[in-house]
Amino acid sequence: MAYDLEPFELDFFDNAPISFRIDVNIPVTPQRAWAELTRPNTLDWCKAIKSVTFTSPAPFGVGTTRRAELAPGYVALSEEFFDWTEDAATGNYHNAFRVRSVNVPGMRKFGEYTEISPAEVGSRLVWVFALELGTSSWPVTAISNPLSTPVFRSIESDTLRYFAHLSPQA
């Protein structure tokens, strides 16, 4: 069964009732970072994510859709990008998606915002997860309460480890 979520705009990432922000430097060029974060099967380095599959053909942009499964596979999300900007000349990139539907009840809104920009060495990655609950069902509570912080920290540490082992250039 699929549960539809409510749409929202970019300001939700600043105002969401529940959010987690990753703000780190990674030792690769912005172009390389962006290529890794927008490639097929992206995030395969994260233990907390079982799979991410684009369901729209390339080139990707506003309107692109994906399906994501969180590990171990109980939660499946249908995502749609509503923001997508690539500026290779300046090395600035960002995108954002909303979850259109999820297979567990309890969420009202959920999405992610990703931004890549040049840093003194490598790139700066800003990654924001934003959530608003509709009910207190246990699957949603499990991913939204303070106990979920280790999951987001795992995503952060897995991402830092992954990028540390890549060659800096795309």
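Note that the structure is predicted; figures quoted are calculated from it, not measured. Counting begins at 1 with the first residue of the sequence.
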In terms of ring plane angle, is the pair W45 and F163 parallel, tilted or perpendicular, where the classes change at 30° and 60°? perpendicular
Show your reasoning for whether side-chain hydrogen bond (donor to acceptor under 3.5 Å, both in side chains) applies to T65 and S56. CA-CA 5 Å; T65 57; S56 295; 2.8 Å; yes
Answer with yes or no whether the hydrophobic clustering places [X] together with [Y]; edges join I, L, V, M, F, W, Y residues whose side-chain heavy atoms lie under 4.5 Å apart.
X	Y	answer
Y113	I18	no
L10	L131	no
V128	F8	yes
M107	F82	no
F12	W127	no

At their closest point, which heavy atom of [X] faces which heavy atom of [Y], and how far apart are they?
X	Y	value
K109	P7	CE-O, 4.0 Å
G91	P30	O-CB, 3.2 Å
A68	E79	CB-OE2, 3.4 Å

Check: [Y] and [X] side chains under 4.5 Å, non-hydrogen atoms:
X	Y	answer
L37	Y93	no
W84	H94	no
L5	F110	yes
S78	V102	no
T114	V126	no
T42	R66	yes

Electrostatic pair [X]-[Y], nearest N-O below 4.0 angstrom:
X	Y	answer
K50	D44	no
R98	E80	no
R100	D4	no
R21	E156	no

Under 3.5 Å, is there a donor-acceptor pair between the side chain of [X] and the main chain of [Y]?
X	Y	result
T38	W34	yes
S19	A16	no
Q31	A88	yes
N103	A2	no
D87	N92	no
R39	N41	yes
S123	I26	no

Verify side-chain contact (heavy atoms from CB on, under 4.5 Å) between T64 and F54, making sure each step is shown before the conclusion. CA-CA 8 Å; T64 292; F54 283 93; 3.6 Å; yes
Nearest 0.5 Å, what's the [atom1]-[atom2] distance between [X] and [Y]?
X	Y	atom1	atom2	answer
N25	R124	CG	CZ	8.0 Å
L70	L77	CG	CG	5.0 Å
K47	S154	NZ	OG	4.5 Å

Could you walk me through whether T159 and L125 pass side-chain contact (heavy atoms from CB on, under 4.5 Å), step by step? CA-CA 10 Å; T159 299; L125 166 63; 3.9 Å; yes
For a side-chain hydrogen bond (donor to acceptor under 3.5 Å, both in side chains) check, start with the C-alpha distance between Y162 and E36, then their side-chain angles and the critical distance, and finish with the verdict. CA-CA 10 Å; Y162 177 76; E36 288 296 319; 2.5 Å; yes
Centroid-centroid distance, F60 to F81, less than 6.0 Å: no
Strictly under 6.0 Å, is that where the ring centroids of F129 and F13 end up? no
Given the rule in the side-chain contact (heavy atoms from CB on, under 4.5 Å) test, do E69 and S51 qualify, once you have shown the distances and angles that lead to the verdict? CA-CA 5 Å; E69 288 186 56; S51 67; 3.7 Å; yes
